[in-house]
Amino acid sequence: MTLTGRAGLLAALGIVVVLLAPSPGPAVAGVCLLLAAAIVADLTLAGAVRPLRLHRSGERLVRLGAQATVELVVENPGRRRVRGVLRDAWPPSAGAEPRVLKLDVPPGERRKLVVTLTPARRGDRESVSVTVRSLGPLGLAARQGSHSSPWSVRVLPPFLSRKHLPSRLARLRELDGRHPALVRGQGTEFDSLREYVVGDDVRSIDWRATARRHDVVVRTWRPERDRRVMIVLDTGRTSAGRVGEAPIPLAGAAVEGGGLLARPDPRPVPGWPRLDWSMDAALLLAALAARAGDQVDFLAYDRAERARVTGASRTELLSSLVNAMAPIEAELIEADSQGMVAAILARAKRRCLVVLLTDLNSAALDEGLMPVLPQLSSRHLVLVAGVSDPLVAAMAGQRSTAEQVYDAAAAERAQLERRRITARLRRHGVEVVDALPDDIAPALADAYLALKAAGRL
Amino acid sequence: MTAEATRSRPTTPTAKSRWRGGRWIALLGLLVVLGGVVSVLLGPEQETPRPLDPADTSLQGSRALAELLRERGVTVDRVDSAEAAAALGGDRVLVVTDTLHAYSGDLDGIRGDRLIVGAPLGVEEMAGANPVGAARQRSREPECSLPAATAAGSAHLGGIAYSAPRGTTGCYPAGDGWTLISFPNGSGTTTVVGSGEFMSNQRLAEDGNAALALNLIGTGKPVTWLVRPEVRPSGDLAGPEGESVYDLMPPGIPWAVLMACLTVVLVAFWRGRRLGPVVAERLPVVVRASETVEGRGRLYRARRARGRAADSLRAGTIDRLTPRLGLASGAGPHEVVAALAVRTGLDPQQVGGALYGPPPTGDAELVALAGYLDSIERKVREL
């Protein structure tokens, strides 16, 4: 049960009554009795909350940055009208609006309420409880009760880099059979024969066919298909660092002027974790590779396997990827590179392109990946992609005061170590993509296309 | 988009299950409340202790001493005002345990021996004796010729120490003064003690406390014991017509206050009742990736690590310049400096000093070095 402001107001009026009454003692007793009787009557006449039945429907999936609507049907099987308010309690980052809904369900009827979710974070959001406060006819007191009406909405990564997909698909078509290549490259396969036109490479003339046809015939080639691409996402501690500017502000980012403990911070508001940028790049790469006819597998790993997608068909690949990625958060533990390499080797029997999305942090890589890299690069083609921090580049460029110069020196050192580890990786025969947060997805797609064009897959 | 219906179930416990779950706690709470009420009702009436009161049985009272005196056939009369003390008349011993409410004028008419506890300012002409300081309360030796003190031996005294000029006997010394002084007044002897704790129920049985008290008070004469008057709460103070504040209030006010309290309780319940639970959520950590770099920069700054800072800046510049100059990544200082001097026309000495020279000695020099490295890079880039 609960009371309303009216009960307080009535009691306040009681003070005046007691002051004016000739005999105040009995007046107090009278006012209290009257109030208690009114409250009891109101509680008795209020519609019961317990027998209410709630049904949910609505969206189960939503992209981060979009809105989802969840409908809640309240059915009142009781004999009294249920009038009051209802709160559908979601976690704060689900962004459920409105917080409190007005409710008025006559006996035996049902009403539909709509809650709009604007999630501020990837992952699964679940409704915690539905609380109904049913007011009595006098509006003095209310019955209150909670129902559990489970519903979960999965918030998917936004795949912002899909804007780069059309231009990369066009490049892919240039490589592909629709624009047959005349130059025979490593890893290309025979496509068809056609008549010679002026300008064709004479080395591509097929003399045997020419002899048969009384016409000069050339061979055409196309890039290989049905290669395997394995995208590995490092979800260790280095993926938790936030870089760049968040295109969609994520929950957990410092909100300006929010909270008592918020102190003015001259540094910029943190952007997205490296993990989210890597996911964006992985999605673009997967979309491109699926169109190019390659088989894409996905693995998220830190000290254990966090998510995996294997053998998805080309049409289902993207949806199963975003579903697998949605609940992944960066774990604050050091990634186990040895275990990761073992997991990759166990999954990939045939030679494939292993795209490892991690941070090019020289200390972490020296300890973890470098010792076990030869095992991987001897059997597979390895591509390491890392998101660089624009803030470090900015720090390296500012050199007007002594403080800035010390910061610039630290930034220079970090960049130098990054370049050195990149050079060392390349010496191991590993492809490296090191790009700013906004460029990582197209850069990775371009690196893939370059490998494809060179027939190195 | 799925449109499946899910069944809901109520999660608020019913009154019955709530009773079943909480009945033992409720019973325990009831027992605690009952125990409290009973102990308050049955327990001894708690009174504020009245120090050195002959009728008070608390540790600070002096009922024990009064009883001892009565056993010796000494009459003890407890009075709480100077007027009452003066009314008793005759040759008596006057004990003043509270000097705050007794004034010299009120006591002037009373003849006989006196025992005064504390600072008797305004109560008594002190025959030139003055308080000289505070003294710790502890057991002290008499060290004087006063018969009452020497007979009693050591006693628990302290509080205030007095000077003892000529004509005054000082006993129980403490520092520069005496915690007990005795001097003749017009009609008898006045004894002033720094503290009356030796007469309290708590201390009476220790040392020679009881003996000292009996020697000083129990001379056989009846005793007038002047104590602090009962202080009545200020609200009860009677007005000019003998009416207290409460008498002037309309009779409804206390009841209205009761009603206001009830209103506050109702409003508090209305505002305090939450609509549903507080939902907690585990949020991901917020940490800038550049924090390690910033931390390293601050360390450089804090330790004034100009050498390391300069090394980093130089290494970064050389690392960027070597490919632009067409050199291999492992090129030595001479090659780099020679190539730079040829390509940019800068002084090889100066370039060599900037790229491979000693570490800068001051912050200004470090800033200048950073600026010079920048200018070299810009020149090479513009080529």
Side-chain angles (χ1 to χ4, degrees), chain A residues 2-5 7-8 11-12 14-15 18-19 24-25 28 50 53-57 59-60 87 89 91-93 100 128-129 131 133 145-150 240-243 251-254 270 274 329 332 389 391-392 399 402-403 405-416 419, chain B residues 1-12 14 250-256 258-260 262-263 266-267 269-270 273 275-277 279-281 283-294 296-298 300-301 305 308-310 312-313 315-316 319 329 363-364 366-367 370-371 374:
Chain A
T2 182
L3 296 177
T4 65
I15 302 174
V18 168
L19 275 178
V28 167
R50 181 166 289 276
R53 280 204 283 273
L54 306 169
H55 310 278
R56 283 203 195 251
S57 61
E59 286 168 82
R60 286 277 194 186
R87 177 181 163 223
S93 78
V100 173
V128 177
S129 81
T131 307
R133 184 175 283 182
S146 294
H147 285 254
S148 147
S149 178
R242 297 196 176 216
V243 292
R274 280 210 170 89
E329 292 290 346
L332 296 184
D389 192 346
L391 208 60
V392 173
R399 302 178 169 195
E403 277 74 29
V405 171
Y406 282 118
D407 279 352
E412 278 283 12
R413 197 186 158 92
Q415 285 183 325
L416 189 66
R419 283 200 295 272
Chain B
M1 284 269 278
T2 53
E4 62 194 72
T6 40
R7 281 301 298 269
S8 67
R9 78 189 156 74
T11 50
T12 313
T14 55
I253 292 284
W255 294 104
L258 183 72
M259 201 60 218
L262 188 76
T263 309
L266 289 186
V267 169
F269 187 63
W270 162 48
R273 187 88 162 102
L275 186 58
V279 184
E281 185 179 8
L283 285 176
V285 65
V286 178
V287 54
R288 267 189 306 280
S290 60
E291 258 181 25
T292 47
V293 178
E294 282 167 14
R296 192 194 286 266
R298 290 217 187 100
Y300 282 167
R301 204 186 309 168
R308 278 185 183 278
S312 296
L313 292 172
D319 192 61
S329 60
D363 276 356
L366 181 70
V367 176
D374 263 359

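Naming: A, B, ... by sequence-line order, numbering from 1 per chain.
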Please classify the contact of [X] with chain B as side chain, backbone, both or neither, using a heavy-atom distance under 4.5 Å.
| X | answer |
| --- | --- |
| A/Ile15 | both |
| A/Glu329 | side chain |
| A/Ser129 | side chain |
| A/Ala414 | side chain |

*asked:* Quick check for you: among A/Gly25, A/Ala12, A/Ala408, A/Gly145, which has the greatest number of heavy-atom pairs under 4.5 Å with chain B?
replied: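 Highest number of heavy-atom pairs under 4.5 Å: A/Gly25.
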
*When A/Val128, A/Leu332, A/Thr2 are compared by non-hydrogen pairs under 4.5 Å with chain B, the top option*: A/Thr2

A side-chain contact here means heavy atoms from C-beta on lying under 4.5 Å apart; do [X] and [Y] qualify?
| X | Y | value |
| --- | --- | --- |
| A/Arg242 | B/Val286 | yes |
| A/Leu391 | B/Glu294 | yes |
| A/Pro150 | B/Arg9 | no |

*Hey, are B/Ser312 and A/Glu412 close enough side-chain-wise for a donor-acceptor pair under 3.5 Å?*
no

*Between A/Asp407 and B/Tyr300, does any side-chain donor sit less than 3.5 Å from a side-chain acceptor?*
no

Among [options], which residue forms the greatest number of heavy-atom pairs with chain A at distances under 4.5 Å?
| options | answer |
| --- | --- |
| B/Val367, B/Ile253, B/Val267 | B/Val367 |
| B/Thr263, B/Leu266, B/Leu366 | B/Thr263 |
| B/Ala370, B/Pro254, B/Pro251 | B/Ala370 |
| B/Ser290, B/Ala289, B/Pro250, B/Gly252 | B/Ala289 |

Quick check on [X] against chain A: is it the side chain, the backbone, both or neither that has a heavy atom closer than 4.5 Å?
| X | answer |
| --- | --- |
| B/Leu275 | both |
| B/Leu262 | side chain |
| B/Thr292 | neither |
| B/Pro277 | both |
| B/Ala310 | neither |

*Nearest 0.5 Å please: distance from the CG atom of B/Asp319 over to the CZ atom of A/Arg419.*
4.5 Å

*For A/Tyr406 and B/Asp363, run side-chain contact (heavy atoms from CB on, under 4.5 Å): C-alpha distance rounded to whole Å, both residues' side-chain angles, the deciding distance at 0.1 Å, then the answer.*
CA-CA 9 Å; A/Tyr406 282 118; B/Asp363 276 356; 2.8 Å; yes

*State, to 0.1 Å, how close A/Arg133 and B/Arg273 come at their nearest heavy-atom pair, and which atoms those are.*
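Smallest interatomic distance, heavy atoms only, reads NH2-O, 3.3 Å.
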
*Under 3.5 Å, side chain of A/Gln415 to main-chain N/O of B/Gly316, donor-acceptor pair present?*
no

